[in-house]
Each structure stands twice: as structure tokens, then as C-alpha cells.
Amino acid sequence: MSVNHRPPEEPAQPSAAPRSLAEQLRARDDASLAALLQVRPDLITPVPTDLTQLATRAGTRASVVRALEHLDRFALQTAEALAVAPDPAAYDTLLALLAGDEGDPEVTGALPRALATLREQALVWGADDRLRLVRTARELLAPSPQHPSPTGLGPTVAEATAGMSPGRIQEILATAGLPTTHDAVSAVAALTELFTDRTRMRALLDEAPADSLEVLSRLVWGPPYGQVTADPAPRLRWLLDRGLLLPTAPGTVVIPREVALHLRAGRAHRKTEPLPPAVEPAVTHRPQAVDATAAGQAYTALATVEELLKDWDEGGPAVLRAGGLSVRDLKRTAVALDVPEPIAAFWIELAYAAGLLASDDEADEQYAATPAYDAWLELPAAERWTRLATAWLTATRTPGLVGGRDAKDRTLSALGPGLDRSAAPEVRHRVLALLAALPEGASAAADSLIARLHWERPLRNPESQARTDDLRTRLARWALSEAELLGITGRGALSTHGRALLATPPDAPLTGAELAAAASRAGRLLAPLLPTPLGHVLLQADLTAVAPGPLERPLADMLGVLADVESKGGATVYRFTPGSVRRALDAGRSASDLHAFLAAHSSTPVPQPLTYLIDDVARRHGHLRIGAASAYVRCDDDAMLNEILADKRSADLRLRRLAPTVLAAGTDPATLLEGLRAMGFAPAAESTEGDVLIARAHAHRTPPRTAPEPVPEGPPVPDATLLTAAIRAIRAGDLASTAPRKAAAPAANGSLPRTTSAETLATMQAAVLTGEPLWIGYVNAEGSASQRVIAPIRVEGGFVTAYDHTADEVRTFPLHRITGVAELADENAPLEAQ
């Protein structure tokens, strides 16, 4: 059993003009309703009970503002033109406002698409001969003194003369050469007819003084208001006497809309933009060079994130009380990574977005790597990169805002609150899609790309149209630079693996499994381009080691302990020092272990100076022993202890001799250890049992953390399952609310039926016998009232079991919750089972 969602006879009457938006929505098919709910998902939250409620919700201010903000420039200009056109307006009138008296083939060709967009989004309804803009949209876009129209037009003659005395209107008619009338309404109509007649208007303006025409030229494109004194100059008086300027308030005049349109040759906008501006290529490179450059930067991105989290391995900076990273810690991190502070903020936020970094939530809260970081390190390089790239594509946190100010003039800090911008993922995806539309290897001129973005999502405020610091512009510029840092682009052009991150066609956004599949494709394309890790280094006689490329992880980890990084770039240079060798010995390595390690991983013979350095440090390492007394120093060589006591630099350690081979200190063991090392000695810490303590770095990890969830821009777009269920519920509810009732039905139009309990029971029992559907009012357990169309099957025990056409299922209703029942009219045939 099924129910028609819409009576089958409706499509056969397309000529019947809809009287409201609800009626036009009722005439749509399911695919058209689904398109509306997809582009305006706020209309489905919660699901409307019927199409009348859907139309009402589509006309609310918040929903209309959101819909207008998602129109492209020409669709918005079309809506703006309808807002200054008569209501309703014919298609030809709208076309004339956009194309002007001379016409414009591009406007003529683009207008059907723009109008279809407005209709699809339920901003415009009616046939082509009676186009109506939704009332709320007209109120938002129509001219007013408080909110100037983007068109720059002022009020009509009828609106501007609404408060004018009838005698003054008759004087204007006489001065303009028109016969006087008997009432103000016909006088305003005659003046309007004059101003909209191109021939008569030209004749009138031919008589105008040149300085009067110059006044009109200053007001014609807006703003349409001007100031005058109590005794206007002759050039203004000439215009005022003929109604070419009309007073709106003391000292304020306005050029009527009809006059301005005549002077504009019928155009509502100074510049109509029916077609999107092209994104111009800046420079074209060989695709192979672009891919190689992007792959190199992708490897650098992995190394930078790894270096950042390695630096914070034992616990990173403290979390500010208000959340986020302090300015000092950001500067320190930027120095450690050898990048500017804004770039350091980007890498920190990227690691956070990928779930590799978080706060540990301990008493002394600090940032640290998450357990996911250890799993990330074990992945192949290409998979590690795709984790970063997909996190960047979908993140709403915006690193470019770091260092700026919020609405309360508070500084925005890295990892702190206030950095989410819901438009960021859409802008990033759109920037990459526009780059993908260029020839392979071509980079885009930034200004033309931003001009295209402004056309696709223009600013509604006329004063903001020329701004270059709006949020979307800044997001686009940040997206270009961040994509280059991440290796999605190379030399400004989209790489092959970057192109794989987009859908086909690129304009379609990716979500869920589609994004994972795209990331997998991108990783497979990137993998062959990444450098292969090396298992060797070049040892040099100046106590340095050169890594000509990326190193295998065990080699890189050990070399990071045994030597200090001196420089980075295409090749990394490590320097061996007494301190770095001592660090390796503190980690439990012996001199023989270090000699064997270097011999196994050097492509050149181990230089003699490096061998001597290791042996010399190892010979002295642990000769002095430090333990807890509060602290002590012991050494078999009492001459060395005498040397320490005689050194003036040991005064702060407050040393005194307890025995020929033991000194006691007034400081803790860690301070004593560092103090003696600063004096040039190589002491080793020991345990209470006298064993040498091995100093291994303690990796601090947060508890398991999930990556931060992006902040969505409005309600999520419904999927196909939700759309199907919602449309069926809306259709069924609309059927229940609009089904014809018999004239004897006691309920008033639009209200729930009201009958007594006895009448309800009798009607239900009769319907069981006849099989007729009924219209009922029902109040659920939460007290929410609704109207339904049901076909009763059984009535017993205070319950009625019936087929609920609204829910499209068999349900049981308590009779005491039914407010009333009414029979449906005989012509309600569509309720019958097919």
C-alpha cells in the first residue's frame, strides 16, 4: 500500500498561476524539493510538518539572509533588480532592468539561469508574467534611507510623495507641463508615467539648465539622497519644481527611482556581471617541475611537523589560563623550527588539526604529542602526508588569525579559542578547484582568483564591495600560501597529487569515504616522488657528518642523540661535540657502541679526530659520581676534587670535603651535575646503589585524543536517506492539512477537528466498516499537536489501529489523545491505495 505524494491531476494544470509560495512548492516534484532542501538545509531542521510551514520557514529573515549570502553575483543582482521592480514584475521588465535600453546579449543569455537559481532556492516564485521576490528578501534588498540599495536607487515617485500635500503635487504637474488632476493618486500616476516615458523625459531634460543636469549626474548612481538649504539654489529649484528631485525630510531630497532609471538608460546596476570573471594564469611551468617542487615541500612538511613534536616530546609549552599558546612560546617554537612566527603557528595548528598534538589536562597543563603521533610515525611517508593534507582541507581552525584581535579586542593565540571560521574549508576547496581548472603546470594570478571568488560569493553591503581585507579574501590568500607549504601546490600550480585530492568534477565537495579515497589516490601519486631514506652519512675530518638526504628512522634517531644539527636544507649537517657525545654516553651507549655505529653507517672511513673525541669523552665520563645526600661528588682521584674546590666557579655549588674522595654539596644532584659540566668536567649521575644512571629521554604523551571537530557553517547538508524521509513526511503532512473535508466538519479552516469522545468512537467504528479514510487531530505524549489522515482497521480497548498516511505505516492511537475526527470529501481519491 502506498500513498501519492501529490494528486496526479496537479501536473496537468500548469497554467494555474500559484497564489503563494506554498502553492508553488506544492506543485514541485520530489527532486525539486530535494534540491531546495540540499541548498538550504536550515529548512529541514527540524522537518516541517507540511509545505505551508516549509514556505513560512523559507521566508524567515535568518533563512533568507543565509540564502542571499550563498548566491553568486549575477543571481544576487537579479534579486536586487526584482526588489526595485514593480511587484509582481514581468520577465521582460526584469530583463530591461538588468540589460538596459540597449540590451546586453550576455545578460539575456545568463538571466534564465539566474532566475532558475532564485526559483530553486524559493527566493522567487510565480510565472514569468508575475515574478515575485519573497517578501523578506524584498525588505532586505529594497532601498530605504537606513539601508541603501546595492543598486544605488532611491524610492519611487509614489513612495517619495507619500507625505506630500495634494496641492504641492498639482503644482509639480503644472510646472512639468502636465494637466492637473482631481486627486493625488491620479497626479502621482501621471508624474510616474511621464518619468517612465523615454521620449517625453528626454524632451523635459532637454529644457534643463546644465548645472541642474550636473546635480542629477552626481545622484544618479547613488547614493540618491542629497542635502539642500531652506532656500535652494536656482539649479535645485528647477529640479524640485518639476519633481526631478523630491523632498523626503527637512533639508533632504532624493532623486526618484524612475528618473534615475531614465538617466541610467534603464539599468538597475552601474555594472552588470552576468558571467564569472576568468581566472588568469600567471606563469606556466612544466608539470614535472611542479610535481617535484611540491613533493620536496611535502617532505619538508613531514620533517617540520616531526621536528616540532620531537621538540615537545618530553612535554611542550604550558597552556595559558584562557587556553592556547603564549606569545613567548610561539616565538621560541619559531626559532627552534627556523621559520617566521606565522609559519610556526600554521605547523602547530596543522599538527593539532591532525590529532597529533593536544593538551594533557594535568594539573600543570601543557601541550604534548598524542598517542596517535607514535602511530603516525610508523606510517609510510605518503600516508603521513595525506593525514596532514586531509586535516588541512577539512579544518575550520584558521592559523592566519593568530596574533589578531577578536571582537572583544583580545589577542588570538595559537591553539587558543576563537580561531574557527566555518567558511575556511569551502574557500580552501574552491581555491584548489579553480587552480585545477587551469592548464597543468599553470599558477593563477592571485587578484583574478580572488575576483572570481568575490563573484561567486559577493558581499551584499555596497560599501564592502571594494574591500580587499574581508574574511574570504584573507582565507583565499592563506589557502594559497598554506597549500604551497604543505606541498599540495608547487611554484603556485596545483600538483598531480594535489589534483587527486579533489572530486571529479572538482567543484563537488568531498566528504567521508570519498575524501578518504581521494587521499589514498593522492598518496599513491606522491609516494614515487618522495626521496628514499638513506642508511648512511658522510663523516668528515672537521667533526661533522653530512646526510645527503632523508635518513632512515633508526639512523636519524641515533644521530640526533650523538650529534647536534648544524644546518638544514637539501643536505643536513650534524656536528659532533663533547656535549653531544656525552649525551649519547648518558643514554647508555658505550664508546665501543658508538665506534661500531659510525663504522656501520658511514660511507667514508671514520675520521681520526672523531675517534679521539669519543674516546676522550668516554675516558672522563663517569670519573666523577654524583648522588643524593642532598648531593655529593665522589672520585677516586682526590687531586681532581682539589681542583674542583679551588675553582671559583664552584662557589655557588657550596661544596665541602667529607672524605678524601667525597665532596658534599648544598644543591640538588641535577644542579650539581649541570654546574660541574659547565666547568668542563664530565660527571655521571649514580643511583643509591652506586650504579651509573642512564639518562634516556622520557616521552610525554597525552591521554588518547581525537582531532578537533570542524565547526560547520550552518546545518549539515542532508543525505539522500534523510531527504527521502523528510519529503515523504512533508508530503503526507501537507496531504493531511489540505485534504478536502465534508461541509459538516465542525473544525474551522486550518484548526484541528474537535468532536466529543462518543462522536469520535462512533465515527471510527463506522470507518472500520466502510474503509473510508478520516482526518484526525492528535496530541502526542509530549503535548505536540498534529493533524493526520488515517484509515481505521480496528477499534478496541480504548485504542484505534489504523494505517497512518502521514507516517506511511500502521500505527495504534490512544482514543483519549485524539482531539476530534472528520470525514474527508468524496473527491479525495488520491488517498486510496494503489
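Start at 1 with the first residue, then count along the sequence. Computed from a prediction, not measured in an experiment: that's the story for all the values here.
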(Q) Please evaluate residues Val795 and Thr801 with respect to the criterion side-chain contact (heavy atoms from CB on, under 4.5 Å), reporting the C-alpha separation (whole Å), side-chain torsions for both, the decisive distance (0.1 Å), and the verdict. (A) CA-CA 6 Å; Val795 179; Thr801 302; over 6 Å; no
Q | Asp470 vs His454, side chain to side chain donor-acceptor pair (under 3.5 Å): CA-CA, chis, key distance, verdict | A | CA-CA 10 Å; Asp470 62 283; His454 278 177; 3.3 Å; yes
**Q.** Sidechain-backbone polar pair: Thr252 side chain, Thr248 backbone, donor-acceptor under 3.5 Å
**A.** no
(Q) Among Leu219, Leu246, Leu153, which residue satisfies the side chain to side chain contact (heavy atoms under 4.5 Å, CB included) criterion with Ile255? (A) Leu219
Q: Using atom types as modelled and distance alone, determine if a side-chain donor or acceptor of Arg788 lies under 3.5 Å from a backbone N or O of Ile776.
A: no
(Q) Can you see whether Thr52 engages Arg26 through a side-chain donor-acceptor pair at a distance of less than 3.5 angstrom? (A) yes
**Q.** Residue Arg198 excluded, over 12 heavy atoms near CZ under 6.0 Å
**A.** yes
Q.
For a side-chain contact (heavy atoms from CB on, under 4.5 Å) check, start with the C-alpha distance between Ile730 and Leu51, then their side-chain angles and the critical distance, and finish with the verdict.
A. CA-CA 6 Å; Ile730 293 170; Leu51 288 168; 3.6 Å; yes
**Q.** Taking every non-hydrogen atom, the tightest pair across Asp804 and Val789
**A.** OD1-O, 3.6 Å
Q.
If you define the side chain from C-beta out and look only at heavy atoms, does anything of Leu111 sit under 4.5 Å from Pro274?
A. no
(Q) For Glu159, is there an ion pair with Arg257 - N to carboxylate O distance below 4.0 angstrom? (A) yes
Q. Distance-only, no hydrogens or angles: does the Gln24 side chain make a donor-acceptor pair with backbone N or O of Gly126 under 3.5 Å?
A. yes
**Q.** Point-to-point distance, once rounded to the nearest 0.5 Å, from CZ of Arg132 to CH2 of Trp125
**A.** 5.0 Å
Q. So do the side chains of Trp221 and Leu263 get within less than 4.5 Å of each other, counting heavy atoms only?
A. no
(Q) How long is the straight-line distance from CG of Leu815 back to OH of Tyr778, given to the nearest 0.5 Å? (A) 10.0 Å
(Q) With side-chain contact (heavy atoms from CB on, under 4.5 Å) as the criterion, how do Leu71 and Leu123 come out once you've worked through the C-alpha distance, each side chain's angles and the decisive distance to 0.1 Å? (A) CA-CA 11 Å; Leu71 295 176; Leu123 294 171; 4.0 Å; yes
Q. Which distance, rounded to the nearest 0.5 Å, do you find between the OG1 of Thr192 and the CD of Glu258?
A. 5.0 Å
Q) Side-chain contact, heavy-atom cut-off 4.5 Å: His429 with Leu502? A) yes
Q.
Using a 6.0 Å cut-off, check whether atom CD of Glu193 has over 12 heavy atoms from anything other than its own residue.
A. no
(Q) I'd like to know whether Asp42 forms a side chain to side chain donor-acceptor pair (under 3.5 Å) with Thr45, so could you lay out the CA-CA distance, the side-chain angles of the two residues, the decisive distance to 0.1 Å, and finally the verdict. (A) CA-CA 5 Å; Asp42 56 297; Thr45 311; over 6 Å; no
(Q) Between Ser186 (side chain only) and Asp183 (backbone N and O only), is there a donor and an acceptor less than 3.5 Å apart? (A) yes
Q: Decide yes or no on side chain to side chain donor-acceptor pair (under 3.5 Å) for Gln787 and Trp775, but give the supporting numbers first.
A: CA-CA 7 Å; Gln787 49 189 331; Trp775 175 53; 3.1 Å; yes
**Q.** Donor-acceptor contact present, side-chain Thr93 to main-chain Ala89, <3.5 Å
**A.** no
Q | Side chain proximity check, Leu245 to Val254, heavy atoms < 4.5 angstrom | A | no
(Q) Apply side-chain contact (heavy atoms from CB on, under 4.5 Å) to residues Thr136 and Thr60 and explain how you reach the verdict. (A) CA-CA 7 Å; Thr136 308; Thr60 58; over 6 Å; no
Q | Under 3.5 Å donor-acceptor, Arg57 side chain and Leu43 backbone | A | yes
Q) For the residue pair Gly820 and Thr760, what are the closest heavy atoms and their distance? A) CA-OG1, 4.2 Å
Q: Grab the two heavy atoms, one from Glu273 and one from Trp455, that are nearest each other, plus how far apart they are.
A: O-NE1, 3.0 Å
Q) Is the backbone of Thr756 close enough, under 3.5 Å, to the side chain of Glu759 for a donor and an acceptor to pair up by distance? A) yes
Q: Test side chain to side chain donor-acceptor pair (under 3.5 Å) on Ser63 and Arg40 and set out the steps.
A: CA-CA 8 Å; Ser63 182; Arg40 296 180 66 178; 2.7 Å; yes
Q) Would you find a donor on one side and an acceptor on the other, under 3.5 Å apart, between the side chain of Arg66 and the backbone of His70? A) no
(Q) Check this for me: does any side-chain nitrogen of one of Asp50 and Arg731 sit under 4.0 Å from a carboxylate oxygen of the other? (A) no
Q. Given side chains that start at C-beta, do those of Ile44 and Leu723 come closer than 4.5 Å, heavy atoms only?
A. yes
Q) Does a salt bridge link Arg457 with Asp72, judged by any charged N lying under 4.0 Å from a carboxylate O? A) no
Q: Indicate yes or no: at least one non-hydrogen side-chain atom of Phe195 is less than 4.5 angstrom from one of Arg200.
A: no
Q: Determine the minimum heavy-atom distance between Pro41 and Val717, stating which atoms define it.
A: CB-CA, 4.2 Å
**Q.** Atom CZ of Arg135: over 12 foreign heavy atoms under 6.0 Å
**A.** no
Q.
Within the structure provided, determine whether Ile818 and Val800 are in side-chain contact (heavy-atom separation under 4.5 Å).
A. yes
(Q) If you compare all heavy atoms of Leu244 against all heavy atoms of Met201, which two are closest, and at what distance to 0.1 Å? (A) CD2-CE, 3.7 Å
Q: Would you check, one step at a time, whether the test salt bridge (charged side-chain N to carboxylate O under 4.0 Å, His left out) holds for Glu426 with Arg472?
A: CA-CA 10 Å; Glu426 186 264 334; Arg472 287 182 66 84; 2.9 Å; yes
Q. Any side-chain heavy-atom pair from Thr156 and Pro256 closer than 4.5 angstrom?
A. no
Q) If you round to the nearest 0.5 Å, how far is OG1 of Thr78 from CG of Leu98? A) 5.0 Å
Q.
Using modelled atom types and a 3.5 Å cut-off, is there a donor and acceptor pairing between side-chain atoms of Gln53 and backbone atoms of Thr49?
A. yes
(Q) Taking the basic N atoms (NZ, or NE/NH1/NH2) and the acidic carboxylate oxygens, is any pair closer than 4.0 Å for Arg452 and Glu456? (A) yes
Q | Residue pair Leu194 / Leu178: nearest heavy atoms and the distance that separates them | A | CD2-CD1, 3.9 Å
Q: Calculate, to the nearest 0.5 Å, the distance between atoms CZ and CG belonging to Arg430 and Leu453 respectively.
A: 7.5 Å
Q. Is there a donor-acceptor contact under 3.5 Å from the side chain of Arg421 to the main chain of Thr396?
A. no
Q: Drop me the distance from Gln77's CD to Arg267's CZ, to the nearest 0.5 angstrom.
A: 10.0 Å
